Structures are given as C-alpha cells and as structure tokens.
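Everything numeric here is computed off the predicted structure, so don't read it as measured data. Each chain gets a letter, A, B and so on, in the order the sequences are listed, and its residues count up from 1.
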Number of protein chains: 2
Amino acid sequence: MRDDLEAARRKLTERDHRLTPQRQAILETLLSHSGEHLSAEDVYALVKKNHPDIGLATVYRTLDLLAGLDVLQRIDLGDGRARYELGDEEHYHHHLICVRCGKVTEFDIDLLESLEALVFKRTGFEVVDHQVKLFGLCRECRAGEQRTGGAGGD
Amino acid sequence: MRDDLEAARRKLTERDHRLTPQRQAILETLLSHSGEHLSAEDVYALVKKNHPDIGLATVYRTLDLLAGLDVLQRIDLGDGRARYELGDEEHYHHHLICVRCGKVTEFDIDLLESLEALVFKRTGFEVVDHQVKLFGLCRECRAGEQRTGGAGGD
DNA sequence: CTTCCTGCAAAAGATTTGCACACGA
DNA sequence: TCGTGTGCAAATCTTTTGCAGGAAG
C-alpha cells in the first residue's frame, strides 16, 4: 500500500504535480476501499472523517487528475454519477450489475479480444478500449427469485 | 414506418397511455433519424420544428415512458447525457465510439453469449442484458493517424 | 516570488417535479 | 366527469469554475 502511494507520487511529480495531504488522503481512501466503486460524494464523505476541511471541489479535481494519470479509473454504472476505482487500464475488468439489489461485482476476462478482432475485420474500427456492463441477477437474488415464482405472465 | 407507429400505439394503449400528437411527433422524429443517437435536446429541437409548442419536459417524459415500454432504448455514450434510439432489447447492438472524431457506429453481434455463459458458470450471475462500448479509432481516423506518425514516445 | 493547490460559493448542464389547465373516453 | 397528458417554471442533482488566499520550491 505504501508502494501504491509511491507509484502515485511518482506519476504526479513526473508531470509537476504534488502529492498533497488532500490527494494522499483521497488515495488512501480508495486504497482502503478497493473492490468498491465509490462516487465523488462517497470519497468526500470518507475523506472528511480525517480531513474535515477538505472541499468537495478538491475531491472532484483530484479524482479527475488521477484518472488522467491512469492512477485510477472512472467508471459509469449507469446511475447518473461517476464512480472511481484504483487501477490502470491494463488491469481493467468488467462489471456485473445486479438489477435487483444493485450490487456490483467484478469479472476479469479477456474474451473480448476475439470480438475486437472481428470488429476490426468487419468494419476497420480499431478498438483501443472497451467497457462492458452486464446486467442481471446475482446468485443471491436469483435464489430469491425462485421462491417468488418464475411463471409470471404479466 | 406506419407499422412502427401502430406497434407503439398498441404498447401504449395496453397500459392505458395514449398516442398523443406530441408522442407521435417524437416517435416520428426517432423513426426518421434511425441510426443516429439523439439526446433529449436533439429530439426537442427536431420536434419543435413541426410542434413549436412542445415542452422539453414533455420530451423527457415521453422518452422515459417509451423506454419503459421497450419501444426505444436509452443509451449512454459517456458524454454526460442520455441518448435514445428506436428498437427493443432483443435487437440491441453495440456501439463503436471513435475517440478521435466522436463518430458512433453500430455493431451487431451475439458473440457475448459465450461470455455470458462463462460468467454464469463462474459466478452464478445470470445475465439478462448487457451494454458494450468499444472505444477506438474508426477507419477514417486511423488513416489519418498513419500520416501523423505513430512512434510518439511522450 | 512564482507556481501549484485549496476551500468556498456560485454557476453550469441535464433531468425531474409541482401545478394549473386542456383534452379525450 | 375523470384520469391522462401538457407547458411552464422552479427545483434537484452532479460536476465545474472563478476567485482570493495559502503552501512549497
């Protein structure tokens, strides 16, 4: 975790930015909540515990800056606000969004490579990045569905 | 195209909604701009030509209503506003977004089925819908890139 | 000193909502 | 008549920006 902070500091200083206490606090918050998908407000609320004076604008500016440096990823789960998680594009994964309970889990796979090759062959479009969102029912909610009955015909 | 309107009317009346002139105008606008990805403002501007009195709120409410009836799809291309296109979930396709010129093209494929089966096997998550966005360079912009030179090392 | 950063408050942009009126079954 | 639909304006929500002051090299 110290290493992640040092890596971030390096990426910042490389471009004449500083690892200020606020930025460090934001990074630490994201580090200690990896696996979650925090919105700017979430980060703000969490950081405020130890940094009561921090401003929401600073959170937005920092998240924006760090996303630009590929220290973290901005993700959009379709709920109208941006969310953030540590990690660069290389290690990007997809998201499974449960339409019932809203839980978001992650799924790591590179099966898209063949799809991207096909896209290129068919259309000449060269894919450099992708975003995949799979909506459905998580295991737990699926168990619930069974009981509720599945033969509903509206 | 008449058929599409009739199908929409049926879906509306089935749930005690009416195909009002405003709603019809919005549908016709979407019909005559299929293949594009209009935002609410876009639709508003287009409909206003023939229906100067229509209100923006009505456009929002109608798009919302029609999306709920699966008459059209709400899509998110990552530019901060929702976009809409005719068609139900069944015939949904993916979007190729050019990061240089911003052009959005469509790509129809069901290669995801194997991915979804794998997701289910591995995680128990049952996919019912998906959204795939592929970012990259379209054929034209790729041609441009070649000339500009590609060995940049920043 | 000069540049980068910050907090605050105001602004911006997309979307939603309250309300009174209009219209069709 | 009654419930649905509408336009307008105000409200809401997320995110951005202007500005004056502050810290670091």
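- Nucleotide C:dG13 holds its P atom 16 Å from the OH atom of B:Y44, rounded to whole Å.
- Between the side chain of B:S32 and the backbone N or O of B:T29, at least one donor-acceptor pair lies under 3.5 Å.
- Atom-to-atom, CG of A:L65 to P of C:dT6 comes out at 9 Å; the value is rounded to the nearest Å.
- Using a distance-only test at 3.5 Å, with no hydrogens or angles considered, no donor-acceptor pair links the side chain of B:R81 to the main chain of B:A40.
- Distances shown here put every side-chain N or O of B:H17 at or beyond 4.0 Å from the OP1 or OP2 atom of D:dT4.
- Listed by first then second residue, pairs satisfying ring pair (Phe, Tyr, Trp, His ring centres under 6.0 Å) with a partner in residues 44-81 of chain B number zero, not counting sequence neighbours.
- The interatomic distance linking B:R9 (CZ) with D:dT4 (P) rounds to 18 Å, in whole Å.
- Identified under the salt bridge (charged side-chain N to carboxylate O under 4.0 Å, His left out) test for residues 37-64 of chain B, with sequence neighbours left out: B:D42-B:R83, B:D64-B:R74.
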If a protein heavy atom is under 4.0 Å from the base, mark B; if only from the sugar-phosphate, S; if neither, -; do that for nucleotides 15-25 of chain C going 5' to 3'. BBBB-------
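- Counting side-chain heavy-atom gaps under 4.5 Å among Ile, Leu, Val, Met, Phe, Trp and Tyr, the cluster of B:L137 also holds B:L77, B:I97, B:V99, B:V104, B:F135.
- Remark: A:E106 engages A:H37, A:E85, A:H93, A:H95 in a side chain to side chain contact (heavy atoms under 4.5 Å, CB included) (not counting sequence neighbours).
- Separation of atoms CG (B:L5) and CG (B:L31) is listed at 5.5 Å; rounding is to 0.5 Å.
- Shown are B:V71, B:T62, B:V47; of these, the side-chain contact (heavy atoms from CB on, under 4.5 Å) with B:L27 is made only by B:V71.
- In this structure, the helix from C:dC1-D:dG25 to C:dA25-D:dT1 shows an angle of 20° between the axis at its start and the axis at its end, each fitted on 5 base pairs and rounded to 10°.
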